[in-house]
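See below for the structure under consideration.
If you're wondering where the values come from, they're calculated on a predicted model, not measured in any experiment. A, B, ... follow the sequence lines: proteins, then strands. Residue 1 opens every chain. Note: hydrogens, waters and symmetry copies are ignored here, and every other heavy atom, side chains too, is used.
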Number of protein chains: 2
Amino acid sequence: MFDCVALVGATGAVGRIVLDQLHSRHFPMKRLRLLASARSAGTKVRFGDQELTVELLEPSAFEGVDLVIASTPDEVSAEFAQWAVDAGAVVVDESGYWRMDPKVPLVIPEVNPDAVDHHCGIISSPNCSTTQMVVALAPIHKAVGVRRVIVSTYQATSGAGLAGNVELESSTRAALDGQIHPPETFQHPIAFNLIPQIGSEKHQGYTSEEMKMVYETRKILGDDTIAVCPTAVRVPVAIGHSESILVETRAPLSVERARELWNAAEGVTVVDDLTNRIYPMPRDCDGRDDVFVGRIRQDISSENGIAFWCVSDNLRKGAATNAVQIAELLARKRAAKQLSV
Amino acid sequence: MFDCVALVGATGAVGRIVLDQLHSRHFPMKRLRLLASARSAGTKVRFGDQELTVELLEPSAFEGVDLVIASTPDEVSAEFAQWAVDAGAVVVDESGYWRMDPKVPLVIPEVNPDAVDHHCGIISSPNCSTTQMVVALAPIHKAVGVRRVIVSTYQATSGAGLAGNVELESSTRAALDGQIHPPETFQHPIAFNLIPQIGSEKHQGYTSEEMKMVYETRKILGDDTIAVCPTAVRVPVAIGHSESILVETRAPLSVERARELWNAAEGVTVVDDLTNRIYPMPRDCDGRDDVFVGRIRQDISSENGIAFWCVSDNLRKGAATNAVQIAELLARKRAAKQLSV
């Protein structure tokens, strides 16, 4: 049980879902406080039958807080996380800022729960595209070893927050009416279009979003030899990231065995029956917490490869759900420790 | 110069563009006739300053015709092509029916123009997804050899004809209004969604569309050792297929050399400046005849690989333009033959 939990970024696309999940999953805490920037401070937000007022995110705000769940831009996290740690809190952070810091565990509870034991006050939740891919890869890696991953993403506009979905809707309406709607959130018009760039230019022609999928995958799976070639693309879908993945394994892996591994894996749901036109699609995964896997087939271009299609709600397992699951893991460890004392 | 050209399927999405191109490219012919099924026969269609009446597609319709350009479903082509050949015509066919017939050349004029010399009356134009990919792969194959291709597609609704675009628009309007619009042309709702199935189940979990990309690529490039792992996905975009492609080559290939090869290649336009957010997107390729290549970068997961992003108007280079270019090639060969006699 935590005495006081602070949710930073409570009014954002992900923060709202964290709030829902803390309530619906009966998160063990005595008190919840909501923190946000000056723009949102003062807003009233429902939490079950309570009405909470969003407080200003400032150094003194963390007094008495023992757990922070934060969904903010990188630059915000860079500043406030230390305030929280200095006040004695543990921060579960969804931003990209701390993820590759060697002192910060990068955690998916189904994959590397023990990594939370070695934190210095901050625990990171991975990038949305990485999380769903690694949830799917982890059982394969454990069974036969992942050698190489080639992944092309089809990423929803909500990955850019509430503004992304507002722009998808308003620009689509405009396009249907033959109007021009200048892009603001995205680099280019997203209505009935694709944008093959997410994030900024980072490394040898790859974007920051793409390189997250390389580095974070290796860190979470604890294997720096895993090779990843990612292509990240924004698509005109509101919620649910999809990924076309080809995984090359160190040892042979049949489709039947892959399906068994996924059926047994926590957090994975297999939706795979091409004959009956059944496979994961964003519209079916919206609002669900699992990672959905389908179109499972042998790679016909290499010896040891499996091709598959993976969809997950980017705001949930890709963000809010994973953060809340990390917090639950901390709560369980805390309870076990209190019992053993 | 052809005496009489017949366009079969003149009222379809591709047929309309063939008609435009025959006019705008001043195709060398004395007379054009339009043929279609009973549903469209009798329709009046503009061709330059003429008004042509669509005639019924039947065996006797090919009398006096020396060239046929056809854009019809497979089952229609299976029947009429022999009528045309029996009447002495050469058929340039866009359907999938004849493509893998060993007696039928499968032609992309920039890639394998000499293949047209060995036909028995029918010449096939490849599948839209295959065409743009092979136009991009051909200069690389010629220079260093293509060993393996991993491709994920982002295919426009117009690949399913006019009905596909009607459904995209009407279902998107319905979704914006909170209405349900049952799918008819596609297997599932396409508005703000992705459908990871194009065509029917064909081979070991791959669809017919995917296997076309395997078999047709090998046939056009004349190399059965090329390995292809395709994933074909329908996206809510009206016109322009996009492809995320990783090509593994037999010999090393630098990004600079790949860019040089593409800059020199007929039918390819390089659009590649990530720093300035410039890359091919469907909305920019709509109505253009080239294959657009960008996001060119070294594969960071293998020794000899190049990753890139490829977009082309699926109704043009993917269908109408390629067929008209094949017809133009036949016209040039015919003219050369007449001169040499």
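Taking the side chain as every heavy atom from C-beta outward, D273(B) and E201(A) never approach each other to under 4.5 Å. At least one side-chain heavy atom of W309(A) sits under 4.5 Å from a side-chain heavy atom of V233(B). Between F192(B) and I239(A), every side-chain heavy-atom pair lies at or beyond the 4.5 Å cut-off.
Salt-bridge annotation for E248(A) and R148(B): present, with a side-chain N of the basic residue lying under 4.0 Å from a carboxylate O of the acidic one. Under a 4.0 Å N-O distance rule, the pair E210(B)/R295(A) qualifies as a salt bridge.
Neither the backbone nor the side chain of V311(A) comes within contact range of chain B, judged by heavy atoms closer than 4.5 Å. Proximity to chain B (any heavy atom under 4.5 Å) is shown, for S170(A), by neither the backbone nor the side chain. Of the atoms belonging to L194(A), heavy atoms from both backbone and side chain fall under 4.5 Å from chain B. In this structure, chain B has heavy atoms under 4.5 Å from both the backbone and the side chain of S302(A). Residue T207(A) touches chain B through both its backbone and its side chain, counting heavy-atom pairs closer than 4.5 Å. In this structure, the portion of V235(A) lying under 4.5 Å from any heavy atom of chain B is its side chain and not its backbone. Only the backbone of T153(B) has a heavy atom closer than 4.5 Å to any heavy atom of chain A. With a 4.5 Å cut-off on non-hydrogen atoms, V255(A) does not touch chain B at all. Using a 4.5 Å cut-off between heavy atoms, L274(A) contacts chain B through both its backbone and its side chain.
Classified by interplanar angle (parallel below 30°, tilted 30° to 60°, perpendicular above 60°), the ring pair Y279(B)/H188(A) is perpendicular.
For the residue pair T172(B)/R173(A), the side-chain donor-acceptor check at 3.5 Å is not satisfied.
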